[in-house]
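Here the structure comes first, spelled out in structure tokens, and everything after it is commentary.
A note on names: the letters A, B, ... follow the listed sequences, proteins ahead of strands, and every chain is numbered from 1.
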Amino acid sequence: MDLLEGLNPQQRQAVTCAEGPVLVLAGPGSGKTRVLTHRVAYLVREVGVRAGNILAVTFTNKAAREMKARLSHLLGAECEALTIGTFHATCARILRREGTLLGFAPSYTIYDDDDQQAVIKRILKEMNLDDKAYRPGAVLSVISKAKNDLIGPDEFVPKSYREGVIARIYLRYQQALKESNAMDFDDLLTNTVALWQQFPDVLERYRSRYRYVLVDEFQDTNAAQYVLLKQLAAQHRNLFVVADEDQSIYSWRGADFRNIQRFREDFPEAPTILLEQNYRSTQTILDAANAVISRNTRRTPKRLVTERDRGTPLVVHEAYDEQEEGQYVVREIQRLVGEEGFRPGDCAVMYRTNAQSRAVEEAFVRAGMRYKLVGATRFYQRREIKDALAYLRIVYNPADSASLSRVINVPPRGLGPQTAEALFAWAGEQGISVWEALHRLRQAEQGDEPMAHPLSARAVKPLLAFLALWESLVEESKSLDVASILQLVLERTDYQAYLNDGTEEGRDRWDNVMELLNVASQYANMENSLGVFLQEVSLVADVDELGDQPDTPVLLTLHMAKGLEFPVVFIIGLEEGILPHSRSSGSPEELEEERRLFYVGMTRAKDHLYLVHAFRRASYGRSAPSQKSRFLRDIPHHLTGGERRTWPTRPSAALRVEPVAAPKPREDARPAPPSAPTFAPGDRVVHPKFGVGTVVESRIVSDDEQVTVAFPSNGTKKLLARLAKLEKVR
DNA sequence: GACATCTGAATTTTT
DNA sequence: TTCAGATGTC
């Protein structure tokens with residue numbers, strides 16, 4: 001296959017200039033993924049670079065996966081040796097190997113937002129600070145900002161009394177993470193930078209390994225990431241970055257598109273290649289997007305052109321309120337599918353804030369139409385999933401105190417907040433982990449010489465019972481894979497009984513846990529499956545889940561839409577206060593970022609673009625009139641079919657989506673359950689522990705059969721056929 | 001210590 | 001509207 005076939009001259013240039021730094025400024029839809037993959041393939045096939053010497057960094061795991069998939073087509077087996085991943089995943093892997101140099105065991109835990117909050121809350125308590133005055137979220141955002149700028153707790157210079165306090169929290173927070181053998185997201189980057197700074201020989205190793213570095217979405221890198229790249233590429237200078245400043249939408253997370261300027265200064269020999277040819281959208285959509293983005297002052301003017309025809313005008317639509325907005329969208333999708341030959345999966349609905357999805361979802365449900373909601377469902381954020389993962393984490397990394405405090409009393413075992421706090425404080429005083437503290441407690445209680453400890457007599461027994469449970473899990477986990485460990489955890493903690501409170505919610509939660517077990521079982525035949533599983537699970541993002549989904553419309557935020565494309569795009573909530581968001585209209589910089597966000601959304605569309613706003617909108621309970629977004633005024637009239645509205649004919653029969661007996665929409669695709677239950681009510685069964693019993697009910701849950709059995713001597717139990725060794729008896 | 005009920009407070013985007 | 005935290009009861 002000719003790697004250059006079908007590429008335009010600019011793309012070709014980007015693919016083939018082999019040595020030295022390169023800056024590619026790529027507009028939306030200009031085929032930059034193609035350029036990146038073909039360049040990697042070109043380096044390997046034509047230049048003779050060894051695949052093992054190439055590092056490609058992407059923004060999401062999904063992008064990494066896609067790139068790998070494409071490269072396996074282009075390169076075959078050779079692509080296995082490539083390193084392709086997000087900054088975070090790549091750093092996490094490096095730190096697994098080298099983290100001991102910084103004092104982190106390879107089993108370190110990656111803390112997510114909730115874990116971070118938990119740590120901060122504990123510190124606030126410890127320092128006797130009011131969590132109203134120092135809201136954990138606010139404190140964390142200051143800390144995160146500092147980390148993104150590579151400012152450690154020691155270098156943090158407070159500019160106010162408040163910041164002085166935060167500086168002390170920051171210091172304590174880093175200590176706490178270290179004690180827990182844990183890192184937060186930002187630490188993955190900063191610790192890698194620190195590692196390379198402090199150990200030049202290690203840096204040297206990675207420099208000679210990653211001789212060619214390619215970076216996607218470079219405009220969304222932060223200072224730490226930029227330093228990382230500079231460290232790596234300082235000598236060989238083979239740094240290839242692809243950027244679009246107009247699509248920089250993560251400045252609130254520390255991203256700084258001025259890195260593009262820095263790159264130009266630090267690598268002055270780099271040629272700049274412009275990709276302005278758009279292969280995605282109609283000229284009308286591009287013209288509208290150009291009109292919007294050209295209002296931004298801080299940018300290099302670009303002209304996006306396409307060879308496609310003008311296409312249809314944009315549709316600007318005013319709905320009465322958010323309900324009708326949703327109904328309008330659904331009805332329009334139905335029309336496009338019914339009359340214009342689009343598939344449901346061709347359509348995407350985009351919005352500024354997750355809360356906006358609700359009304360749209362309701363409209364889909366009312367219409368009996370399936371849809372896929374990206375994010376918000378947040379599988380890995382669910383309580384039961386986090387509990388299960390926390391168990392796995394303390395098994396893998398017994399120092400992990402945030403996970404421990406999460407599950408120490410889940411299910412309830414008599415270890416309430418008082419006891420937990422006393423235990424943690426006692427461990428803290430002695431400078432040891434809770435794991436060790438519990439061992440000391442056992443010695444004190446069972447050893448010959450009694451030792452003083454602050455734990456109440458009543459708490460000792462459940463504490464020691466918990467330690468025994470924990471120890472047995474740690475011990476047995478050594479010879480088991482993740483899925484088996486998880487099963488063991490579920491059995492030993494009787495977690496199912498805890499979740500199954502008879503409500504539908506309880507059943508759903510258990511289903512989720514089974515789904516997690518399902519995911520875990522995919523890691524079965526792997527070296528260190530527990531560690532691999534935990535790491536990958538810590539780094540998944542919502543967009544990553546947007547895989548081979550059923551053919552349904554997709555609902556997602558504008559942020560998550562970056563990098564995607566759809567034949568039909570609806571952007572809803574085009575109102576002042578929402579887009580631009582009220583929290584981001586303070587400074588011109590923020591306003592420009594809001595505009596970029598809108599631009600990103602518009603340029604996702606291939607054929608049809610709908611811009612929808614509502615006359616009034618309810619925000620938490622109260623409904624109020626709204627004003628249409630200033631961004632709409634930037635679009636020339638001749639590009640839209642004029643503005644349409646469907647009210648005040650409300651309530652109009654034409655608009656109402658008729659409720660249909662709706663199949664319950666599933667937000668997450670599940671594998672098809674096994675066919676029929678093997679057990680039926682009335683069956684007599686025998687269980688190794690509970691003895692003989694009678695089946696009350698049996699149903700398929702996820703991919704296992706859940707059997708409810710009444711045991712005369714042990715009461716009624718819900719059992720999983722896969723776990724419990726149930727046998728039918730005559 | 002566990003659970004139910006009440007209150008009031010806060011709402012952006014997420015690797 | 002939703003949710004976390006506080007309060008009250010057993």
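Using a distance-only test at 3.5 Å, with no hydrogens or angles considered, a donor-acceptor pair links the side chain of A:T603 to the main chain of A:Y599. One N or O on the side chain of A:D244 and one on the backbone of A:D246 form a donor-acceptor pair closer than 3.5 Å.
At a threshold of 4.0 angstrom between heavy atoms, the contacts of A:F87 with the nucleic acid are absent. The residue A:R135 sits close only to the backbone: its heavy atoms come under 4.0 Å of sugar-phosphate atoms, none of a base. Looking at heavy-atom distances under 4.0 Å, A:Q418 makes contact with sugar-phosphate atoms alone, never a base.
The phosphate of B:dA2 (OP1 or OP2) has a side-chain N or O of A:N409 nearer than 4.0 angstrom. Look at A:N354 and you'll find a side-chain N or O under 4.0 angstrom from OP1 or OP2 of B:dT13. When the side-chain nitrogen and oxygen atoms of A:T557 are compared with OP1 and OP2 of B:dT12, none of them lie within a distance under 4.0 Å. Not one side-chain nitrogen or oxygen of A:S582 sits closer than 4.0 Å to the OP1 or OP2 atom of B:dT12.
Donor-acceptor pairing under 3.5 Å is recorded for the side chains of A:Q219 and A:E217.
Rounded to an integer number of Å, the gap from CG of A:L558 to P of B:dT14 is 10 Å. In this structure, A:D113 atom CG and B:dT13 atom C1' are separated by 13 Å, rounded to whole Å. For A:H581 and B:dA10, the NE2 to C1' distance is 12 Å, given to the nearest whole Å. Following rounding to the nearest Å, A:K125 (NZ) and C:dG5 (C1') show an atom-to-atom distance of 10 Å.
Checking C:dT1, B:dT12, B:dT14 against the side-chain heavy atoms of A:Y250 singles out B:dT14 as nearest. Here the nucleotide nearest the side chain of A:T419, chosen from B:dG1, B:dT12, B:dT15, is B:dG1. Checking B:dA2, B:dT12, C:dG5 against the side-chain heavy atoms of A:K121 singles out C:dG5 as nearest. The side chain of A:P412 approaches B:dA2 more closely than any other nucleotide in the set B:dG1, B:dA2, B:dT15. Minimum atom distance to the side chain of A:R352 is reached by B:dT12, of the listed B:dT12, C:dG5, B:dT14. Comparing B:dG1, B:dT15, C:dT1 by their closest approach to the side chain of A:H88 singles out B:dT15.
Summarising the geometry, atom CZ belonging to A:R413 is positioned 14.5 Å from atom NZ belonging to A:K461; distances are rounded to the nearest 0.5 Å.
For CD of A:E589, the number of neighbouring non-hydrogen atoms (other residues, nucleotides, ligands) closer than 6.0 Å is greater than 12.
Taking the P atoms as reference points, B:dT13 lies 15 Å from C:dA4, given to the whole Å.
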